[in-house]
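Remember, predicted model here, so these are calculated numbers, not experimental data.
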Protein chains: 2
Amino acid sequence: MNRKHLTQAECPVARSLEAVGDWWSLLIVRDAFFGKRRFGEFLSSLGVARNILTTRLKKLVAHGILETIPASDGSAYKEYVLTEKAKGLYLVLIALRQWGQGCMTNDGDQEMTLVDRRTRTPIQPLALRSADGRELGPEDVELVAVQ
Amino acid sequence: MNRKHLTQAECPVARSLEAVGDWWSLLIVRDAFFGKRRFGEFLSSLGVARNILTTRLKKLVAHGILETIPASDGSAYKEYVLTEKAKGLYLVLIALRQWGQGCMTNDGDQEMTLVDRRTRTPIQPLALRSADGRELGPEDVELVAVQ
DNA sequence: AGATGTGGTTGCACATTGCAACCACTTTTC
DNA sequence: GAAAAGTGGTTGCAATGTGCAACCACATCT
């Protein structure tokens, strides 16, 4: 993972992927959003090898995406919880979910949807919008330098 | 990358990551959105090893994210272009960009921003919204099964 | 105290990656 | 039209990363 190539470091996409672009990190974050906090919970939920999980959790903590706190149930174990910084990642996860549901649907899988907790109604699909609210496609935007 | 664990296959996030969750795929897609089409363009832009690029391009084509077409300049070479299916991924990239810009800013890097091509004004930041338009945080949503 | 659960670390076999060399074919240059 | 350079790969090898199982320290339960 020699991702520190010259042309990459300056792109925020690449920098994000540096933190969460590996095989397991985003799935750990996803489970954390689902309320999982303990080593064993991630372990059984993901089916990842223990040493890999250890490595990933450390990396996520090092990147400030997770932090360890004393266990909430009073036991001596620690728990991994999402930091404020990690909250922004839920948009990435939702975008992935949305894309996966639209384009990678499997046959016999239970359909799940995200609902607003207050109204119990499905959320709006994620969309890119101009300042005046028009929905934009990939070809409608351009990347420019801001001085 | 034994990601075909029992509990994973059913999650659209995991299925998306199956396709684009490895080290280079999303960066290739990003460059493709930037208009890159040729093997050599990706190669020099990403700094990836040639054999890895070959593998990734094949995988992306196999997943229907890229497709090969005869070169647009009339030469005998082929080009890799994004499929319709891939268009949905730009939301993922923008979410990553947004998160990376907010949380992973480096010091000496040129600030870039996405603008609407028509009005030349910055786009709205991506946000999760309820059906009635309220902006929602990660804790405001819940995943439910739809029958 | 003994058994079990939790949260790791270590060692090893295997898979993946990065790197460089090589190769077939195409395009340009002389 | 032959040589040189460019394009798009493939192959082999060394280094790194991953999955798996065993082990271990500590905590908790009985």
Side-chain angles (χ1 to χ4, degrees), chain A residues 1-9 14 17-28 31-32 35-63 66-82, chain B residues 1-9 14 17-28 31-32 35-63 66-82:
Chain A
M1 42 102 147
N2 176 23
R3 294 285 283 296
K4 307 203 183 298
H5 187 256
L6 340 87
T7 62
Q8 295 315 315
L17 289 175
E18 193 75 28
V20 297
D22 66 88
W23 289 101
W24 295 108
S25 295
L26 263 182
L27 290 176
I28 294 172
D31 277 2
K36 298 203 169 56
R37 310 170 137 235
R38 299 281 283 257
F39 185 90
E41 287 184 291
F42 294 113
L43 189 67
S44 61
S45 159
L46 295 172
V48 60
R50 311 171 71 90
N51 50 352
I52 305 297
L53 180 57
T54 302
T55 311
R56 291 295 176 272
L57 287 173
K58 277 180 184 161
K59 183 179 155 196
L60 287 170
V61 169
H63 275 98
L66 293 178
E67 59 186 349
T68 52
I69 58 167
S72 51
D73 63 355
S75 75
Y77 301 120
K78 60 183 171 180
E79 297 185 345
Y80 298 89
V81 297
L82 293 165
Chain B
M1 41 99 150
N2 175 23
R3 295 283 283 296
K4 306 201 185 298
H5 187 256
L6 341 88
T7 63
Q8 296 315 315
L17 289 176
E18 194 73 29
V20 296
D22 66 88
W23 289 102
W24 295 108
S25 295
L26 263 182
L27 290 176
I28 293 172
D31 277 1
K36 297 202 168 60
R37 309 170 140 239
R38 297 282 282 258
F39 186 90
E41 288 185 289
F42 294 113
L43 189 68
S44 61
S45 159
L46 295 173
V48 61
R50 310 172 72 91
N51 51 352
I52 304 297
L53 180 58
T54 302
T55 311
R56 292 295 177 272
L57 287 173
K58 276 180 183 160
K59 184 179 156 197
L60 288 170
V61 169
H63 275 98
L66 292 178
E67 58 187 350
T68 53
I69 59 168
S72 51
D73 62 356
S75 75
Y77 301 118
K78 61 182 171 181
E79 298 185 344
Y80 297 90
V81 296
L82 294 166

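The distance between atom CG of A:D22 and atom P of C:dA15, rounded to the nearest whole Å, is 21 Å. If you measure from atom CD1 of B:I52 to atom P of D:dG17, you get 13 Å, rounded to the nearest angstrom. The separation between A:R37 atom CZ and C:dG7 atom P is 13 Å, rounded to whole Å. Atom pair A:E41:CD and C:dG7:C1' shows a separation of 13 Å (rounding to whole Å applied). Atom-to-atom, CG of B:L53 to C1' of D:dG8 comes out at 10 Å; the value is rounded to the nearest Å. Counting to the nearest Å, the C1' atom of D:dG9 and the CG atom of B:L43 are 10 Å from each other. Taking atom CH2 on B:W23 and atom P on D:dT16, their separation rounds to 15 Å, with Å as the unit. The distance from atom CZ of B:F39 to atom C1' of D:dG6 is 13 Å, rounded to the nearest whole Å.
Side-chain contact between B:L66 and B:V81: absent, with no pair of heavy atoms (C-beta onward) separated by less than 4.5 Å. Residues B:I28 and B:V48 are not in side-chain contact: their nearest non-hydrogen atoms beyond the backbone lie 4.5 Å or more apart.
Within the structure, every side-chain polar atom (N or O) of A:W24 is placed at least 4.0 Å from both OP1 and OP2 of D:dG17. Here B:R38 does not reach the OP1 or OP2 of D:dT7: none of its side-chain N or O atoms lies under 4.0 Å away. For C:dG8, the OP1/OP2 oxygens have a side-chain nitrogen or oxygen of A:K78 closer than 4.0 Å. The side chain of B:R50 places no N or O atom within less than 4.0 Å of a non-bridging phosphate oxygen (OP1 or OP2) of D:dG8. The phosphate of D:dT7 has neither OP1 nor OP2 within less than 4.0 Å of any side-chain N or O from B:Y80.
Taking CZ of B:F42 as the start and CG of B:L60 as the end, the distance is 9.0 Å to the nearest 0.5 Å. The line from CG of B:D22 to CD1 of B:I52 is 9.5 Å long, rounded to the nearest 0.5 Å.
Ion pairing of B:R37 with B:E79 is present here, as a side-chain N (NZ or NE/NH1/NH2) and a carboxylate O approach within less than 4.0 Å.
Across the interface with DNA chain C, nearest-nucleotide mapping of B:N51 and A:K58 shows A:K58 to be the residue nearer the 5′ end.
For B:Y77 against D:dG9, no side-chain N or O and base N or O form a donor-acceptor pair under 3.5 Å.
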